[in-house]
Amino acid sequence: MEKNIDWGNLGFGYMKTDYRYVSNYKDGKWSSGQITTDDKVVISECACVLQYAQTCFEGLKAYRTKDNKVVCFRPDLNAKRMAESAKRLEMPPFPEDRFLEAVRQVVKANIDWVPPYGSGASLYIRPYMFGSDAIMGVKPANEYQFRIFVSPVGPYFKGGAKPITLRVPDFDRAAPRGTGHVKAGLNYAMSLHAIVDAHNQGYNENMYLDSQTRTKVEETGGANIIFVTKDNEVVTPKSSTILPSITRRSLMYVAEHYLGLKAVEREIYADELQNFKECALCGTAAVLSPVGKIVNHKEEILLPSGMEKFGEVTQKLYDTLTGIQMGRIEAPEGWIFEI
Ligand SMILES: *Cc1c(COP(=O)(O)O)cnc(C)c1O
């Protein structure tokens, strides 16, 4: 039976549900994996994840659709990206087919925690893995744990999406041949100081530039960026140090194939920002969040779409993508994974 939760007033936070999935890696192989009620992780005080941050994660959601099915959005891409992250961190990738099976198992076990259609809430799914045995010298762990927990979450922005303000920070996010393209906890640890500093200065988020030339737009600490030009072209930065957002890749497809717009991935320079008419952040948590203002040191760029609502094109992108996710609009082949 559906849990007795005020679905309409959920925030974006952790809530302990009944079940989680666990598989352990030891002696060169992953254990068969199981659903458990135990939400506590017990590992060595010298575990590689605690000393050297050997960990990566994923984030996706389960939705209840219009016809009351429970579905995930393109989880095969999360499985693949997590395997890529693991390899870059010298961790044994969790097999992609088993990742999908684990997502299915953990959502099924927690099916009463999936918010109802139309509530604005969804079930956030957090797969992650970490080096769990004691490691002193700097080297990869020998043993790992892969887990998935879930948590019902409300809309990322309560009371509608008010446009936010970004600032170009004096901190860098990712080195040219570093780890910016993988979903590693370490990328978030080092972003905490920059985000606290941004908040202290009255900005919502940091818009990072490429660290090599500091002339090109990359992304924020946890979301990719799209822009709309004055000719209604949807553009997004091309760079090897950006995290390949599944939401962004899907939005670019939607722009081209559902809205008939030109969608281009290219280098975007900070000094062309004043030419855009709309800007939004994209990622699983918020789908799209409109940007109204970008502050680059002395320069203030006010997007013509303003500080009150989504721009016209970004609103259409948002409506179409969420329509596909909730089963109101037909999805491209392979995008919807039924639980
Ligand atoms: C997770 C993440 C995103 C968003 O990716 P989605 O697959 O769309 O959820 C964007 N940027 C960074 C740095 C991220 O970690």
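For this chain, numbers begin at 1 and follow the sequence in order. Below, all heavy atoms of this structure are taken into account, side chains as well, without hydrogens, waters or symmetry copies. In listed order, ligands and their atoms are each counted from 1.
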Legend entry - Contact list for residues 107-117, test side chain to side chain donor-acceptor pair (under 3.5 Å), sequence neighbours left out: Thr17-Asn110, Asp18-Trp113, Tyr117-Arg328

Legend entry - Nearest neighbour of atom 10 (C) of ligand 1 from the list Ala223, Ser250, Gly283, on a heavy-atom basis: Ala223

Legend entry - Ring centres under 6.0 angstrom apart (Phe146, Tyr25): no

Inset, instruction - Check whether any N or O atom of Arg173, backbone or side chain, sits under 3.5 Å from an N or O atom of ligand 1, and answer yes or no. - result: no

Inset, instruction - Could you tell me whether Glu218 and Arg173 have a side-chain N and a carboxylate O separated by less than 4.0 Å? - result: no

Inset, instruction - Name all pairs fulfilling the salt bridge (Lys or Arg N to Asp or Glu O under 4.0 Å) condition that reach into residues 43-69, sequence neighbours left out, sorted by first residue then second. - result: Glu58-Arg81, Asp67-Lys69

Inset, instruction - Could you find the nearest protein heavy atom to atom 9 (O) of ligand 1 and give me its residue, atom name and distance? - result: Thr284 OG1, 2.6 Å

Legend entry - Non-hydrogen atoms of Phe310 and Leu288 that approach each other most closely: CZ-O, 3.5 Å

Inset, instruction - Under 4.0 Å from a heavy atom of Arg81: give me the atoms of ligand 1 that qualify, with their elements. - result: 5 (O), 6 (P), 7 (O)

Inset, instruction - Considering only non-hydrogen protein atoms, determine which one is nearest to atom 1 (C) of ligand 1 and report residue, atom name and distance to 0.1 Å. - result: Lys183 NZ, 1.4 Å

Inset, instruction - Output yes when Lys87 and Glu84 qualify as a salt bridge under the 4.0 Å nitrogen-oxygen rule, no when they do not. - result: yes

Inset, instruction - Give the residue, atom name and distance (to 0.1 Å) of the protein heavy atom nearest atom 3 (C) of ligand 1. - result: Gly222 O, 3.5 Å

Legend entry - N/O separation below 3.5 Å, Glu219 to ligand 1: yes

Inset, instruction - Answer side chain, backbone, both or neither: which part of Ser245 comes under 4.0 Å from ligand 1, heavy atoms only. - result: both

Legend entry - Test item, Ala285 contacting ligand 1 (heavy atom, 4.0 angstrom): no

Inset, instruction - May I ask you to check if ligand 1 and Arg248 share an N or O to N or O distance below 3.5 Å? - result: no

Inset, instruction - With Pro169 as reference, evaluate Asn296, Ile195, Asn206, Asp197 under the side chain to side chain contact (heavy atoms under 4.5 Å, CB included) test and give the passing residue. - result: Asn206

Legend entry - Protein heavy atom at shortest distance from atom 15 (O) of ligand 1: Tyr188 OH, 2.4 Å

Legend entry - Output field: ring centroids Phe57/Tyr128 closer than 6.0 Å: no

Inset, instruction - Indicate, as side chain, backbone, both or neither, the part of Leu243 found under 4.0 angstrom from ligand 1 when only non-hydrogen atoms are considered. - result: side chain

Inset, instruction - Work out whether the distance between some heavy atom of Glu58 and some atom of ligand 1 is less than 4.0 Å. - result: no

Legend entry - Salt-bridge present (Asp231, Lys277; N to O < 4.0 Å): no

